Participant: 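Have a look at the structure that comes next, please.
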Amino acid sequence: MKPPPFPRPVDLAAAGALQRELTARVELAGSWAGVRRLAALDASIRRGGPLVAAAVLWDVAAGRVLAVGVARVAADEVFPYVPGYLSFREAPVYLAALEALGAEPDALLVDGQGIAHPRGLGIAAHLGVHTGLSSLGVAKSRLFGEPVGALAEEAGAAVPLCAENAPVGTPCVRGRQVGWVVRTRTRVKPVYVSPGHRIGMNEALAAVLALPRKTKLPEPLRQAHLWAGRARRLGLVGRQDIG
DNA sequence: GCGACAG
DNA sequence: ATCTTGTCGC
């Protein structure tokens, strides 16, 4: 089912109000145990150029790319990049890429934060609520929340990412957990994982660690990154052939 | 006022 | 995100 058009607020105040409104609709329960096909989303942009996004359909059981959808959106049609409001810049082109994909994934894996956001609505959570699909965010750097405790150097290590944090402890002693700092590769900078929509905190971590990876990013997201760059450089649009 | 700040 | 050369390592 095709989601409604993505609203474009008149200014940041209106955008913030919309985020607070939608945060109440985020569902923090569920798992990806039954997810057979997921769509990984990433974008590539160049100064003065359009936003180019790739939606990679990933077969979980086979561990491979099934199809790719590519779309472009002029930069002046969306918000500029403002930390905390990323979805108002990139979500439109992601939704267009999903449409170009022409398939219905069971869940969305997004390059960015889920609920680990000042108002609880990072781009992964926003896209989940907008589409009704389960979603989860994997970001390459931190936006919101503080890691609790020291993160071990070994792959698979993780510590909670907390808001309104208390001193050092294991879980968020007095604050609430908004995500995880996860070491996906030994001695490599960690990624920031947080639930988006219709998935629990522990399940989000399990879902990410269950995905294959060649670098610090889960393979579906790495593929989306590669396709977005390739699409931008080659001017690709629409459904792409793979292999 | 100063530092932080997904992509 | 993008701008960019070399370099270390499998």
Side-chain angles (χ1 to χ4, degrees), chain A residues 6 8 12 15-16 18-19 22-23 26 40-56 70-97 108-130 135-147 155 161-165 178-182 184-197 204 208 213-218 220-235:
Chain A
F6 198 80
R8 190 204 155 131
L12 288 184
L18 179 56
Q19 289 178 327
L22 295 178
T23 296
V26 172
L41 305 170
D42 191 32
S44 179
I45 313 156
R46 250 176 67 161
R47 299 292 295 177
L51 286 80
V52 179
V56 165
V70 170
R72 331 175 58 161
V73 163
D76 59 9
E77 288 180 4
V78 294
F79 271 41
Y81 169 64
V82 180
Y85 301 85
L86 178 65
S87 56
F88 296 105
R89 178 173 181 73
E90 301 193 345
V93 72
Y94 282 171
L95 292 170
L108 302 177
L109 181 62
V110 189
D111 187 346
Q113 312 293 346
I115 64 168
H117 175 279
R119 289 166 296 286
L121 198 80
I123 189 167
H126 198 158
L127 283 168
V129 170
H130 184 82
S135 67
L136 118 71
V138 175
K140 298 180 292 302
S141 62
R142 191 199 72 90
L143 170 68
F144 180 73
E146 301 299 329
L161 185 62
C162 305
E164 293 125 41
N165 196 18
V178 295
W180 302 90
V181 180
V182 185
T184 53
R185 301 290 287 180
T186 301
R187 281 181 287 281
V188 169
K189 187 209 287 190
V191 293
Y192 296 75
V193 175
S194 57
H197 185 53
V208 169
R213 52 187 178 270
K214 292 180 171 149
T215 63
K216 73 173 185 177
L217 286 179
L221 271 184
R222 190 178 74 99
Q223 287 300 319
H225 184 77
L226 292 174
W227 274 102
R230 186 179 317 171
R232 191 205 68 195
R233 294 188 297 275
L234 301 180

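First the proteins, then the strands, lettered A, B, ... as listed; each starts at 1. Here the structure is a predicted model, which is why all the values come from computation and not from measurement.
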Participant: Taking only N/O atoms, report every protein-nucleotides 3-10 of chain C pair under 3.5 Å with atom names and distance.
Facilitator:
none

Participant: Do NZ/NE/NH1/NH2 and the carboxylate oxygens of A/Asp111 and A/Lys140 come within less than 4.0 Å?
Facilitator: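 The answer is yes: the pair qualifies as a salt bridge.
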Participant: For the atom pair CG (A/Leu121) and CD1 (A/Ile115), what is the distance rounded to the nearest 0.5 Å?
Facilitator: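 Those atoms lie 10.0 Å apart.
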Participant: Can you tell if the side chain of A/Glu77 reaches within under 4.5 Å of the side chain of A/Leu51, non-hydrogen atoms only?
Facilitator: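 No, their side chains stay 4.5 Å or more apart.
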Participant: Do A/Val93 and A/Val52 come close enough that some side-chain heavy atom pair is under 4.5 Å?
Facilitator: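 No, every pair of side-chain atoms sits at 4.5 Å or beyond.
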Participant: Cation-pi check, A/Arg119 to A/Tyr85: give yes when NZ or CZ is under 6.0 Å from the six-membered ring centre and within 45° of the ring axis, no otherwise.
Facilitator: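 Yes - A/Arg119 lies over the ring of A/Tyr85, closer than 6.0 Å to its centre and within 45° of its axis.
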Participant: Of all the heavy-atom pairs spanning A/Tyr94 and A/Ala53, show the shortest one and how long it is.
Facilitator: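 Distance-wise, the nearest heavy atoms are CD2-CB, 3.6 Å.
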Participant: Which pair of heavy atoms, one from A/Ala91 and one from A/Leu127, lies closest together, and at what distance?
Facilitator: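 In this case the closest contact between A/Ala91 and A/Leu127 is CB-CD2, 3.9 Å.
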Participant: Look up atom CG in A/Leu86 and atom NE2 in A/His117, then write down how far apart they are to the nearest 0.5 Å.
Facilitator: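 Rounded to the nearest 0.5 Å, the CG-NE2 separation comes to 8.5 Å.
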Participant: As a check on the pairing definition, encode DNA chain C in dot-bracket form, counting Watson-Crick and G-U wobble pairs whose two distances are under 3.5 Å, and using | for partners outside this strand.
Facilitator: ..........
Participant: Check each residue of residues 79-91 of chain A for a non-hydrogen atom within less than 4.0 Å of any atom in DNA chain C, then write out the ones that pass by number, or none.
Facilitator: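 Under 4.0 Å from DNA chain C: no residue of residues 79-91 of chain A.
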Participant: The criterion is ring pair (Phe, Tyr, Trp, His ring centres under 6.0 Å); which residues satisfy it with A/His130, sequence neighbours excluded?
Facilitator: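 Checked A/His130 against ring pair (Phe, Tyr, Trp, His ring centres under 6.0 Å); matches are A/Phe6.
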Participant: Can you see which heavy atom on A/Lys216 is nearest to which on A/Lys189, and at what distance?
Facilitator: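 A/Lys216 and A/Lys189 have their closest heavy atoms at CD-O, 3.5 Å.
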Participant: Tell me what A/Ile123 touches on the nucleic acid: a base, only sugar-phosphate, or nothing, going by heavy atoms under 4.0 Å.
Facilitator: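 Since a base atom lies under 4.0 Å of A/Ile123, the category is base.
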Participant: For A/Ala224 versus A/Ala54, what's the shortest heavy-atom pair and its separation?
Facilitator: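 The answer is O-CB, 3.6 Å.
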Participant: Tell me, with the steps shown, if A/Val181 and A/Tyr192 meet side chain to side chain contact (heavy atoms under 4.5 Å, CB included).
Facilitator: CA-CA 5 Å; A/Val181 180; A/Tyr192 296 75; 3.8 Å; yes
Participant: Find the runs of at least 3 consecutive base pairs, i with j, i+1 with j-1 and so on, that include DNA chain B, using Watson-Crick or G-U wobble geometry with both distances under 3.5 Å.
Facilitator: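 The stems: there are none.
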Participant: Counting only N and O atoms by type, is there a donor-acceptor contact under 3.5 Å from the side chain of A/Arg89 to the main-chain atoms of A/Val78?
Facilitator: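 Absent.
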Participant: Answer with base, sugar-phosphate or nothing: what part of the nucleic acid does A/His225 contact at a heavy-atom distance below 4.0 Å?
Facilitator: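 The residue A/His225 makes sugar-phosphate contact but no base contact.
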Participant: If you compare all heavy atoms of A/Ser87 against all heavy atoms of A/Pro92, which two are closest, and at what distance to 0.1 Å?
Facilitator: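 What the structure gives for the nearest pair is O-CD, 3.6 Å.
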Participant: Report, as yes or no, whether the 6.0 Å neighbourhood of atom CZ on A/Arg8 holds more than 12 heavy atoms from other residues, nucleotides or ligands.
Facilitator: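 It does: A/Arg8 CZ has more than 12 such atoms within range.
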Participant: Please list, in 5' to 3' order, the outermost nucleotides of DNA chain B lying under 4.0 Å from any heavy atom of chain A.
Facilitator: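 Listing 5' to 3', DNA chain B meets chain A from B/dA4 to B/dG7.
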